[in-house]
Amino acid sequence: MTTPSQISTGVQLLEVQPEIAGQRIDNFLRTQLKGVPKTLIYRILRKGEVRVNKGRIKPEYKLQAGDVVRVPPLRVAERDEPEPLAQGLLQRLEAAIVYEDKALIVLNKPAGIAVHGGSGLSYGVIEAFRQLRPDAKDIELVHRLDRDTSGLLMIAKKRSMLRHLHEALRGDGVDKRYLALVRGSWPTAKKRISAPLLKNNLRSGERMVEVNPEGKDALTEFRVVRRFGDFATLVEASPITGRTHQIRVHAKHAGHSIAGDSKYGDEEFTREIRELGGKRLFLHAHALRVTLPDGGVLELQAPVDEMWAKTLERLGA
């Protein structure tokens, strides 16, 4: 029996339009099934209850134009609007926008805010922007930043821009550069770290990455920006590949862990930086260069936050 706060849907047949071709089935369902919890969407996918052209598919299946997606009957919340997020958070993210046009938003994401809900979080940047830009029906993250990493994050407002930027990320149409404060004196001659990375999910559900010959190829270029004696170095990191936690693991592999990194860092170094007021992960996406669909080039830079700046002031004093 249905409770008053829920409604039951019948079987739904959704035809995939050409502009949606290439989107993963899980992301497609999350945008189509408003009010349906993400956990329920993944459950019906895992159980094979979602069919495409009458056949079972995996959650990572990429849709083709003309596909017919069959969604089983569901019991969903009658109110399909998400819980309104705190105005303070929405205002903070609105103020963090450094560029916006009809198809793209780029913001200087603060450290400590996840890019999307999940793992115990009910919201993230993308959920906030769906409230901030309700008319942008196809709004999606172009790429991700770790929760504790700050800096430039791209959000597409149109499917055409999302496809263009995903293609650019696979090629050489996007140049992303990060600042990182690392332990010790990074050698000037050490300009490239090439080490394969393997992703492991621990029993706790935590995701860890390690250098492992069985992993995927990964390459990061590093450049020394500023030295603080033999204690620490500010480096610029350019990830040529885009693996999970790549810069953090490559820095550790080089013997120069990033300050404030609770997974891959050096506890003593992090403690000393915290004593200077640096209570965050010192990884910041500070520069972005991207080729737009019209052939133009967008170049952006994002300043570090006040905590970062003051910590470096104290380090250099």
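What you see is a predicted model; the values in this text were computed from it and never measured. The basis for the numbers below is simple: all heavy atoms, side chains too, and nothing from hydrogens, waters or symmetry mates.
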For the pair H284 and Y178, evaluate ring-ring contact (aromatic ring centres under 6.0 Å, His included) and give the outcome as yes or no after the intermediate values.
-> CA-CA 5 Å; H284 175 74; Y178 295 72; 8.6 Å; no

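- Shown here are the side chain to side chain contact (heavy atoms under 4.5 Å, CB included) partners of L169, two or more places apart in sequence or in another chain: V142, H143, H166, V174, K176.
- Follow the hydrophobic side-chain contacts under 4.5 Å out from L300 and you never reach I97; the two are in separate clusters.
- Here the straight-line distance linking atom OG of S150 with atom CG of L145 works out to 8.0 Å at 0.5 Å rounding.
- Salt-bridge check for R271 with E275: passed, with a basic side-chain N closer than 4.0 Å to an acidic carboxylate O.
- With sequence neighbours excluded, no residue satisfies side chain to side chain donor-acceptor pair (under 3.5 Å) with K252.
- For residues 53-66, no residue pair satisfies the salt bridge (charged side-chain N to carboxylate O under 4.0 Å, His left out) rule, not counting sequence neighbours.
- Once rounded to the nearest 0.5 Å, the distance linking CZ of R144 with OG1 of T244 reads 8.5 Å.
- Among residue pairs with one or both ends in residues 19-70, none qualify as ring pair (Phe, Tyr, Trp, His ring centres under 6.0 Å); sequence neighbours excluded.
- L152 and M161 end up in the same hydrophobic cluster when Ile, Leu, Val, Met, Phe, Trp and Tyr side chains are linked at under 4.5 Å.
- Taking the charged nitrogens against the carboxylate oxygens, D135 and K137 have no contact shorter than 4.0 Å, which rules out a salt bridge.
- Across all non-hydrogen atoms, the minimal contact from V224 to P187 is CG2-O, 4.5 Å.
- At a threshold of 4.0 Å, the pair E100-R133 counts as salt-bridged, since one of the basic side-chain nitrogens sits closer than that to a carboxylate oxygen.
- Side-chain atoms of Q246 come within 3.5 Å of backbone N or O of R243 as a donor-acceptor pair.
- For the pair I25 and P59, the tightest heavy-atom approach, listed with the atom from each and the gap, is CG2-O, 3.2 Å.
- Grouping the Ile, Leu, Val, Met, Phe, Trp and Tyr side chains by contacts below 4.5 angstrom, directly or via other members, places I247 with V304.
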Kindly determine whether R51 and I57 satisfy side-chain contact (heavy atoms from CB on, under 4.5 Å), including the steps that lead there.
-> CA-CA 7 Å; R51 303 292 175 97; I57 40 79; over 6 Å; no

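- Note that OH of Y264 and OG of S257 are 11.5 Å apart. Values are rounded to the nearest 0.5 Å.
- The residues R248 and D146 are annotated as salt-bridged, a charged nitrogen and a carboxylate oxygen being separated by less than 4.0 angstrom.
- For residues 299-310, the pairs satisfying side chain to side chain donor-acceptor pair (under 3.5 Å) are R280-D305, E306-K310, with sequence neighbours left out.
- The backbone N or O of R147 sits less than 3.5 Å from a side-chain atom of K109, completing a donor-acceptor pair.
- Through ILVMFWY side-chain contacts below 4.5 Å, M307 is grouped with nothing and stands alone.
- In this structure, V98 is not a member of the same hydrophobic cluster as L132, with clusters built from ILVMFWY side-chain heavy atoms closer than 4.5 Å.
- Salt-bridge formation is detected for the pair R183/D266: a Lys NZ or Arg NE/NH1/NH2 atom is positioned less than 4.0 Å from an Asp or Glu carboxylate oxygen.
- Under the 4.5 Å side-chain heavy-atom criterion for Ile, Leu, Val, Met, Phe, Trp and Tyr, I20 and V71 are members of the same hydrophobic cluster.
- D26 and R24 are joined by a salt bridge, as a carboxylate oxygen and a charged side-chain nitrogen come within less than 4.0 angstrom of each other.
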